[in-house]
Each structure stands twice: as C-alpha cells, then as structure tokens.
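Each ligand, and each atom within it, is numbered from 1 in the order the structure gives. Just the heavy atoms: all of them, side chains too, but no hydrogens, waters or symmetry mates, feed the values below.
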Amino acid sequence: MDDDGLLTIGAFARLSRLSPKALRLYDELELLRPARVDRWSGYRHYAPEQLPQARLVSWLRQLGMPLARIREVVRLPPTAAAAEVMVFWAEQERSHLHRRDLADALLDELTGRETAMSAHESTVRWAALSDTGLVRQANQDTAYAGPGLLAVADGYGPDGGAAGSAVVSALREAVASAGDEGLPAALAGAVARAGATVAELPDSGTTVTALAWRGAQLALAHLGDSRAYLLRDGQLFRITEDHSYVQSLVAEGRLTPEEAEVHPQRALLLRALDGSSGTRAELSLRRSEPGDRYLLASDGLAAVAAEEAIGRVLAAASEPDGAVRELVALARAEGGPDNIAVAAAFVAA
Ligand code: MN
C-alpha cells in the first residue's frame, strides 16, 4: 500500500480477482477509473473503497452483460442497479428460450422429424377476437385463428382496416397451400404479396404478427408493434420485439422498458407493412411443446394491460375461446382506448 493509502494495480487485481489487463481495459472504457494515475510513470493506483465496484463489474461480466451496459449499471444507486440486473437476466432467459426452440426447430427441419409429428396438429385449439374498444369509431384491427395459423394486424391510416385484412387473407392462403418450401418461406411470400396490395392504399399500412404451425414446428412472422407471447410452465415470455422507436432506445440502453411504456412517442413505428419496397417481416422458427399457450395481441391490449395480468388470464383460461374474450374484457376494463385484436392457440398438454 502507498503512503496515501492507495493500492497498486497488482495488489488491487489480487483483491478484486480482476486481472491487471482487465483493470486497464475497464479504465479505458470508464467502467472503473483508478483513484490516481501517477503523472510520471502512468502507474494506476486504486482506493480500497473501490473494491465493491470492481467486484460488481467482475460479477456482471460473468453474467455476460456487455461492457457498455455495465458502465450504466455501476453508476446507478444499488436498488436501481438491482432492477437493471433483473431486467438483463429476464432478457437472457427469453433469448435462451428462443435459441433452444430455434435449435429444436432446426433439428426437426434437418431430420424430417416434423412430418412424423403431424399428429400433434390435431391437439392444438385456437380462437381469435377483435373489438373496437371504447374510444375509436371504427375497428381497423384484424384477428384470425384457424387450422395452422394465428394472425393479428393493426391497420392505420384511412384504409388501415383494408391493409390489415389484406395481409391476413394472404397469410391464410399461403399457409393453406404451403408445400415443401416450408412455413417461413410461405409467410414471407404472403407478407411480400400483401405489401404490393398495401402500396395501392394511400397513407395506410398495418402491423402484422403471425404464427403458423405444422406439427410441432412453428414459424413466426413479425412486423410492427403487435406482440407474440408464450406461456410455458406457468411463465409468460414475450417472443417478439416491437419494431418501434422506443424499443430501439431500450435496446441501446437509453430507456428502461418501464419508461418506454409511458413514452409520448411509444406508438411511433420503425417498421410496418406500408407498401414501401424492401419491407420484410422478421421471421423466426420455434418448436412447440405440449402445454404451450401462444397469444398474439395488438397494442390495444399490450399498451394498457400489464404482462402479469395477461399471463394470469392466459394461464387461468380452460379454452382459447375464453382466453380471448377475457383479454378483450381486460383491455376494455383499462379504458379500451384503442382497437383490440387477440388470437390464442393452446397446445394440448
Ligand atoms: Mn393499435
């Protein structure tokens, strides 16, 4: 220890279990500044009181948190930092679940297992419901549920309703006639064809979130800020990311998810099916498990109801039909400021 009570980088490294190389990097990235840098030699010195922060950085690294995000977290007071760690961990779990389902779906695809599992299809039950809500004059939302497909579309602009129903009918046709090209290609083709129709509707567009299944294989197409959720083992996961301005700020760490929910620009979409060329749906593959419950919902539900409440309704319903009616009632009980579209599919346990 120096005469000013500071530790050398070597001593501090041993106590904090961070390497001197890591400490130099964290200094450069402003995660952990030394208490003093020797003007002549450039040697870094640390105060013993910096040890808790150094240990926090080390733990967050072990958790897999990116350095830029750690920089934000270590500047927060402990309770706010704890909340950030919980948000980060929930994101990790969601991403892990997504990758596991994707890996399973790819295995099905590569080994041809899905065809052997088509008996699974008859054990899926579904329902959809759309409602004007309590404030809007017209309903421009579309909800659909049928064999092998759930879809919701939230239209906007003078012909928003037509835009939404165009994309849903294109999806229905595509899924009904999907052959060997597979579900993701069928969904992508349908969204592209509907885009050409929407291009003819001036100043109008729509979001689209669709879930198609064949056996245990699921394909998800998503564009805009309607959402898809999965209830599995009693836990609700959101399996889509909003293509919205506020979500992009959350991803950059500039807004918390809670701030995004009340942000004045929360309805501003970065991507939607608006007929502009090059607009493509985001596609993903998943694999369903017995007992899974899937829900698609427009922002008329998601913007007013808490995820816990949505999860509770989805878990408590015995049939998809009851679930969609309860969810519409939930949005209306919260004031029903927007049109509401919900579609649910329950895989038998
Ligand atoms: Mn809406």
Side-chain angles (χ1 to χ4, degrees), residues 127-145 150-169 171 191 194-195 197-198 201-211 220-229 238-250 257 260-276 279 281-282 294-307 309-310 313-314 323-344:
L129 188 61
S130 181
D131 186 88
T132 310
L134 299 170
V135 174
R136 298 283 171 92
Q137 296 297 310
N139 189 359
Q140 296 199 310
D141 277 13
T142 305
Y144 171 80
L150 295 185
V152 298
D154 179 349
Y156 59 85
D159 294 311
S165 50
V167 69
V168 171
S169 13
L171 287 163
V191 172
T197 310
V198 172
L201 306 171
D203 304 321
S204 302
T206 184
T207 73
V208 57
T209 300
L211 181 74
L220 189 65
H222 173 62
L223 193 52
D225 68 350
S226 298
R227 291 177 175 178
Y229 300 90
R238 202 202 314 162
I239 56 177
T240 50
E241 291 263 302
D242 297 348
H243 296 142
S244 63
Y245 170 65
V246 291
Q247 178 58 41
S248 71
L249 296 182
V250 171
E261 276 170 26
V262 294
H263 195 279
Q265 303 281 2
R266 64 185 178 276
L268 190 64
L269 292 179
L270 291 184
R271 286 164 72 192
L273 193 66
D274 57 3
S276 60
T279 306
E282 188 180 318
Y294 293 89
L295 170 70
L296 309 184
S298 66
D299 67 340
L301 174 69
V304 296
E307 285 195 2
I310 295 173
V313 170
L314 203 57
V324 295
R325 273 187 284 119
E326 287 281 319
L327 289 165
V328 166
L330 178 66
R332 291 175 66 102
E334 297 291 337
D338 194 3
N339 301 151
I340 308 145
V342 282

So [Y] and [X], do their side chains get closer than 4.5 Å, heavy atoms only?
| X | Y | answer |
| --- | --- | --- |
| R227 | D242 | yes |
| D154 | N339 | no |
| S130 | T142 | no |
| D274 | T279 | yes |

Requested in this report: Measure from the Mn ion (ligand 1) to each N, O or S atom of D154 and report whether any distance is below 2.8 Å.
Outcome: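 D154 does place an N, O or S atom closer than 2.8 Å to the Mn ion (ligand 1).
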
Query raised in the report: Counting backbone and side chain alike, does D299 bring an N/O/S atom below 2.8 Å of the Mn ion (ligand 1)?
Result: yes

Report task. Looking only at N, O or S atoms, find the one in D338 nearest to the Mn ion (ligand 1) and name it. Result ->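 Minimum-distance N/O/S atom of D338 relative to the Mn ion (ligand 1) is OD2.
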
